[in-house]
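Written below as structure tokens is the structure these notes are about.
These numbers were taken from a predicted model, which means no experiment stands behind them.
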Amino acid sequence: MKLGDLLVKGKRKDYEGARSIERDQIEGMPAGNGDITSLLRTNPAVQFDNSQLSSKTPGEISPANISINGQPHWQNLFTLDGMGMNNDLDPGNTANTTNALPGRSQGLAIDTDLLEKITVYDSNVPASFGGFNGGVVDAKTRDPKREFSGKLSVQMSRSEWTEYHLDENDPDLDEFEAAVGSGNQPEFDKLITRATLEGYLTDNFGLLGSFSRKTSTIPTRVFGLTHDTPVANQQPDREIEIDNYFLKGVWDISPDLRLRASVTQAPEEDRGYGSNALNSYRVTRAGGESINLSLDWKAPVGLISQKLGWSDLENSRDSAANYMRVWRRSDSNDWSSTVVASEGGFGDIEQGQKSISYQGDIHWNALQTGPVSHHLQTGVALEKSTVHFKRLQPYYSNSLQNLASTDWCAPGDPWCSIGNTSNGWPGQYVSSYNLLEAGGVDFSTTQWAFYLQDEMQYKRLSLRPGVRIDSDNYMDQTTVSPRLAAVLDVLGDGETLVTAGANRYYGRNLYTYRLRESLEQMEVSYSREDQSSPWVAGARSPAGSKFSQLDIPYNDELSLALSHLRWDTLFTLKYVERKARDQVSRAWGSQIGQPSEDTDTLKSNYYTYYNGGQSDSQIWSLSVAPQFPFQTLSSWTTAELVFDWSDINSSGLNDYTSSIGLLWVDDPLIMYDGSVMRYSDRPAENYNRPWTARLITTTVIPKWNLTWTNFLRHRAGYRRVASTGKRIEYQGELLREWMEQDYGSALTWDARIGWEQPFSGNQALFVNLDVSNVLNKRITSSASNTSFGYEVGRQFMAEVGYRF
């Protein structure tokens with residue numbers, strides 16, 4: 001075991017805008033399900049969804065959504081080896097419906113065992129990055145080791161190894177215990193298998209191949225507890241599976257020329273069921289594949305890097321049924337014990353984005369102009385994407401009101417059923433249904449970007465001005481993002497640095513804005529006069545949404561930091577202010593002064609997207625990082641302590657997935673905790689814990705081949721920010737009242753203990769034990785008028801493996 005591989009190096013940050021997690025930290029940290037975002041809990045600029053660690057859903061394995069500096073989670077840029085891997089189809093959606101699928105901004109669920117480094121850029125982001133409002137999560141994959149080597153491991157966690165914290169007064173507690181629906185998981189089994197083989201085949205060519213599979217099996221009751229029949233009482237398994245197939249080659253063509261090529265296939269499947277319906281089995285697919293090529297040339301003029309990438313990401317669903325039939329419970333439809341007996345699902349949807357992109361960068365050799373040195377960097381990026389949405393089969397659905405009595409059925413009529421019904425009919429038939437036609441919509445987008453920045457040095461002052469220009473034909477706009485960062489070495493000895501920055505970041509526009517416009521135009525209603533009459537098509541439904549080209553959402557940022565090296569410890573105090581404007585919201589056209597002019601083609605209550613949202617964020621952080629490990633007898637310990645304070649106010653109009661009311665478009669005065677303010681000035685309702693303290697330690701005991709990593713996090717309590725439903729009189733006006741309820745601070749301690757037994761050569765058996773919430777604390781994560789939600793309690797995850 002090498003002690004040096006486990007040190008947390010305390011080096012000076014690049015303009016205090018980036019924090020990196022190196023390979024040794026990736027291996028040593030308790031990393032949950034082995035996904036990228038689980039490792040970002042140590043970053044003071046990153047916040048997680050309040051429900052991310054819910055005690056009701058510990059069986060989930062998909063990467064969590066994150067907010068960086070208070071911005072929406074779909075406004076982060078995720079890159080893999082420098083090339084984008086964002087899912088821009090509909091990343092903010094959580095519903096599984098006839099026209100929509102749950103989304104996530106991180107397009108590929110990459111296993112952290114593949115990674116050499118993860119860097120989060122949260123402020124003073126270089127001009128080489130664009131297409132974000134929050135921040136950049138830049139993941140770099142490992143190069144193959146020179147010696148022939150490999151690794152096999154199995155990692156496991158189970159519900160029996162998990163402590164659940166539940167509210168005894170929760171009116172839905174019996175549903176949790178019965179595992180009703182995907183949101184209740186009293187039982188689960190997680191298994192992660194990994195295999196890696198790597199080495200150099202010649203003196204200048206190396207290969208790395210890796211495979212990992214993550215599975216979670218969760219018994220699920222499809223029907224609610226009001227259904228008490230043999231069919232309804234069954235608990236079929238919901239199965240989640242995430243695979244990573246990865247192959248990477250490195251070819252050192254010459255001392256000045258290196259070629260890297262990688263192929264990644266990362267499919268995801270969630271095999272489960274819809275709610276309260278027979279024959280509702282469905283498979284939801286996400287992820288996809290990517291191919292990356294990069295060529296680095298140490299040319300006479302500087303380092304020239306070129307990257308070519310291709311990706312194919314999907315968000316699709318295969319259903320066992322292309323219909324949803326709603327019956328009255330009857331002798332023949334006897335799987336339900338309520339009035340309604342439903343069968344079917346939401347049909348098949350194929351949705352995807354294919355992209356091909358090129359990126360070229362030149363880091364020019366240093367140039368001297370008088371007393372000032374210049375390190376110029378220029379680059380260009382090109383990308384073409386094709387997006388599609390397809391309904392592979394016609395989809396049929398009816399409602400309970402469309403049923404009528406009958407005592408006979410024509411042979412083969414699926415919309416007719418004989419059997420005494422709950423209301424006394426001898427049988428029933430459907431008199432009308434809605435048809436969503438098979439078909440789809442697709443379009444292509446092209447975008448380009450150019451950037452220029454110059455890192456200038458004059459005595460003790462470093463200055464990095466830059467500019468980035470982005471353009472696309474989706475919103476048909478060109479944006480200019482000025483970037484400026486500066487560092488002053490106060491005493492000229494490198495020990496006291498003052499860093500400042502002023503930057504603009506233009507964000508992402510999602511493909512769902514345009515995809516939604518065409519979907520409801522594919523809907524036609526059919527009816528028949530009686531059970532023996534033919535079906536007659538009605539009028540085609542007008543569009544329910546309208547695509548309008550939008551302004552690109554942007555953030556303006558100011559930052560200031562002071563770092564000082566003292567007592568072999570680096571102290572860094574940092575302040576970041578963000579003003580987010582032109583954030584995309586969804587509203588009825590009539591709410592924003594754009595009523596439908598032709599209700600035959602566009603519904604009177606159609607919705608559209610507009611730039612109505614804004615937020616203001618202030619984030620303070622203080623980090624204390626000793627530069628050398630502490631030695632105690634035969635052990636070594638590294639540590640870092642980080643504090644952060646945040647004040648995030650949001651208009652509440654930043655969520656593009658749900659329509660907002662006219663009241664909030666007007667941004668009225670409200671009474672918030674006894675103070676009068678605008679609706680847009682109230683604190684954000686999620687991703688907003690006011691302060692956090694983090695302590696990360698790693699202890700190495702070489703004599704025992706033991707490594708012990710601890711991550712302690714003390715967070716401000718969960719805040720419930722909600723309307724009370726009351727009105728308070730203020731200067732002759734009745735204002736709606738909003739209140740904030742705090743539910744206590746939360747201390748969590750996560751730990752990993754790693755042990756290995758070396759053998760001959762480089763062979764070793766190893767065991768890792770991860771324990772999350774070691775103290776089994778009861779931590780509030782949500783609250784309503786009737787119950788509380790809590791984070792999961794103490795949980796164990798064990799890994800056993802062999803490396804050579």
Side-chain angles (χ1 to χ4, degrees), residues 93 95-102 180-182 218-224 227 229-240 269-286 314-351 389-403 409-419 421 427-440 519-520 522-528 535 541:
N93 186 58
N96 205 329
T97 65
T98 54
N99 283 333
L101 294 166
V180 174
S182 60
I218 308 168
T220 303
R221 181 186 168 103
V222 177
F223 291 85
H227 300 266
T229 67
V231 172
N233 290 332
Q234 295 176 3
Q235 282 192 346
D237 286 340
R238 174 189 172 205
E239 298 175 317
I240 313 171
E269 285 194 356
D270 187 342
R271 300 184 283 269
Y273 299 82
S275 61
N276 293 319
L278 189 70
N279 198 27
S280 63
Y281 180 75
R282 64 194 183 199
V283 180
T284 304
R285 295 187 172 89
E314 73 167 323
N315 205 10
S316 303
R317 179 182 63 222
D318 292 336
S319 297
N322 65 331
Y323 58 83
M324 174 62 75
R325 297 193 185 111
V326 178
W327 303 105
R328 294 184 182 275
R329 179 174 54 86
S330 68
D331 294 342
S332 54
N333 303 312
D334 60 355
W335 57 87
S336 167
S337 54
T338 65
V339 172
V340 179
S342 299
E343 60 171 324
F346 289 139
D348 297 346
I349 287 178
E350 183 182 283
Q351 187 175 224
F389 177 101
K390 294 180 181 178
R391 183 173 289 105
L392 302 180
Q393 296 176 304
Y395 176 75
Y396 308 85
S397 64
N398 71 293
S399 67
L400 190 66
Q401 287 73 27
N402 301 139
L403 297 175
C409 287
D413 185 354
W415 299 100
C416 186
S417 174
I418 296 298
T421 67
Q428 55 190 315
Y429 74 92
V430 175
S431 60
S432 66
Y433 63 71
N434 290 327
L435 168 65
L436 294 176
E437 297 174 324
L519 298 183
E520 291 188 21
M522 300 163 66
E523 182 176 348
V524 181
S525 62
Y526 282 79
S527 62
R528 53 185 177 180
W535 292 102
S541 295

From W535 atom CH2 to R528 atom CZ, the distance as rounded to the nearest 0.5 Å: 4.0 Å
From S337 atom OG to F223 atom CZ, the distance as rounded to the nearest 0.5 Å: 9.5 Å
S342 to M324 - nearest heavy-atom pair and separation: CB-SD, 4.1 Å
Side-chain donor or acceptor of Q428 paired with backbone N/O of R328 under 3.5 Å: yes
Closest non-hydrogen atom pair between T98 and Y395, with its separation: CG2-CE2, 3.4 Å
Residue pair N276, T338: steps toward the side-chain contact (heavy atoms from CB on, under 4.5 Å) verdict: CA-CA 11 Å; N276 293 319; T338 65; over 6 Å; no
Nearest-0.5 Å distance, CG of residue L278 to NE2 of residue H227: 11.5 Å
Contact check, side chains of K390 and D348, non-hydrogen atoms, under 4.5 Å: no
CZ-OG distance between R282 and S319, expressed to the nearest 0.5 angstrom: 7.5 Å
R271 CZ to D237 CG distance, which is reported to the nearest 0.5 Å: 10.5 Å
Worked verdict on L403 versus N398 for side-chain contact (heavy atoms from CB on, under 4.5 Å): CA-CA 9 Å; L403 297 175; N398 71 293; 4.0 Å; yes
Donor-acceptor under 3.5 Å (R221 side chain, G224 main chain): yes
Point-to-point distance, once rounded to the nearest 0.5 Å, from OG of S431 to CD of Q401: 10.0 Å
Heavy-atom donor-acceptor pair, R238 side chain to I218 backbone, under 3.5 Å: no
Residue pair P236 / V222: nearest heavy atoms and the distance that separates them: CG-CG2, 3.9 Å
For L392 against E350, the heavy-atom pair lying closest together: CD2-CB, 4.2 Å
Mutual orientation of the aromatic rings belonging to Y526 and Y433 [parallel < 30°, tilted 30-60°, perpendicular > 60°]: parallel
L101, I349, D270 screened by side chain to side chain contact (heavy atoms under 4.5 Å, CB included) with N96, the one that passes: L101
N279 and Y323: side chain donor to acceptor below 3.5 Å: yes
Counterpart residues, salt bridge (charged side-chain N to carboxylate O under 4.0 Å, His left out), relative to E437 (two or more places apart): R540
Main-chain N/O of Y396 paired with N322 side-chain donor or acceptor, under 3.5 Å: no
Least distance between heavy atoms, S417 atom then S330 atom: OG-OG, 4.5 Å
Side chains of Y273 and T220 in contact at under 4.5 Å (non-hydrogen atoms): no
Shortest non-hydrogen contact from R317 toward F346: NH2-O, 3.1 Å
No-hydrogen, no-angle side-chain donor-acceptor test under 3.5 Å, S432 and N402: yes
